[in-house]
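All remarks here apply to the structure that follows.
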Amino acid sequence: MRKLPDKSFPVATKKITEKPRVVMPDGSREISFFDQVYDVVRQIPKGRVTSYGAIARFLGSGKSARMVGWALNGASAIKPKVPAHRVVNSAGLLSGKAHFATPTLMEELLAKEKIKVLNEKIVDFDKKFWDPAAELAL
DNA sequence: TTTGTGACGTATT
DNA sequence: GAATACGCCACAA
């Protein structure tokens, strides 16, 4: 996946439920913002978590954390599994748990990875936090 | 086309 | 430190 977006960021993203990949104006194939999000999320080590904002910054958009969440909205429909449960907001809250198959699924998955969740919040979020910019160091 | 909404985040009050 | 305000940008209506 490499590559970072900035200006050459692909514009025409189709429905995320369809083909995430887009074609750049120059004809070169580029990875859509959504795919990049999925890639990063897939690389989150087991037992670690990250935030929407961290991913957004890593991808260059910075303030487009909402788009990360939006992308994850269709994560369940993506072929390779996307561990969306490892992505929370900057406060370490499971803001997206309601969007899983079941409201308890997210906690369950996190529990499997030895991540404790107390009152919708990740325990020791600071320690579990995984920064793509630092770890992937692209 | 314009408007509103959102798995967010940061700056103010 | 909690509550608000605002910025962001893709998408649906």
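Lettering of chains follows the sequences in order, A, B, ..., and the numbering in each one begins at 1. In what follows, every heavy atom counts, from backbone to side chain, and hydrogens, waters and symmetry copies are set aside.
The stretch residues 107-119 of chain A does not touch DNA chain B, since none of its heavy atoms comes less than 4.0 Å from the strand.
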All N/O pairs under 3.5 Å across the protein-nucleotides 5-8 of chain B interface:
residue, atom, partner, partner atom, Å
B/dG6, N7, A/Arg66, NH2, 3.3
B/dA7, OP1, A/His99, NE2, 2.9
B/dA7, N7, A/Gly69, O, 3.4
B/dA7, N7, A/Leu72, O, 3.4
B/dA7, N7, A/Asn73, N, 3.1
B/dA7, N6, A/Leu72, O, 2.6
B/dA7, N3, A/Tyr52, OH, 3.2
B/dC8, OP1, A/Ser95, OG, 3.2
B/dC8, N4, A/Arg66, NE, 3.4
B/dC8, N4, A/Arg66, NH1, 3.1
B/dC8, N4, A/Arg66, NH2, 2.6

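Atoms NZ and CG, on A/Lys97 and A/Leu110 in that order, are 10.5 Å from each other to the nearest 0.5 Å. A distance of 13.5 Å separates CG in A/Asn73 from CZ in A/Arg66, rounded to the nearest 0.5 Å. To the nearest 0.5 Å, atoms CG (A/Leu72) and CZ (A/Phe34) are separated by 10.0 Å. With rounding to the nearest 0.5 angstrom, the CZ atom of A/Arg48 is 8.5 Å from the NZ atom of A/Lys128.
Within the 4.5 Å cutoff, side-chain heavy atoms of A/Met106 are placed close to those of A/Val88. Proximity of A/Pro80 to A/Tyr38: side-chain heavy atoms (C-beta onward) are nowhere separated by under 4.5 Å. Looking at A/Pro132 and A/Thr50, their side chains come closer than 4.5 Å, going by heavy atoms from C-beta outward. A 4.5 Å side-chain heavy-atom check between A/Phe129 and A/Asp126 finds every atom pair outside the cut-off. Contact annotation: the side chain of A/Leu94 approaches that of A/Glu107 to within less than 4.5 Å [non-hydrogen atoms, C-beta and beyond].
With respect to the salt-bridge test (charged N to carboxylate O, under 4.0 angstrom), the residues A/Arg86 and A/Glu113 qualify.
Between the CG atom of A/Asp131 and the P atom of B/dG9 there is a distance of 13 Å, given to the nearest Å. The distance from atom CG of A/Leu59 to atom P of B/dG9 is 14 Å, rounded to the nearest whole Å.
For DNA chain C, each stem of at least three Watson-Crick or G-U pairs (distances under 3.5 Å) is given as range with range: B:2-6 with C:9-13, B:8-13 with C:2-7.
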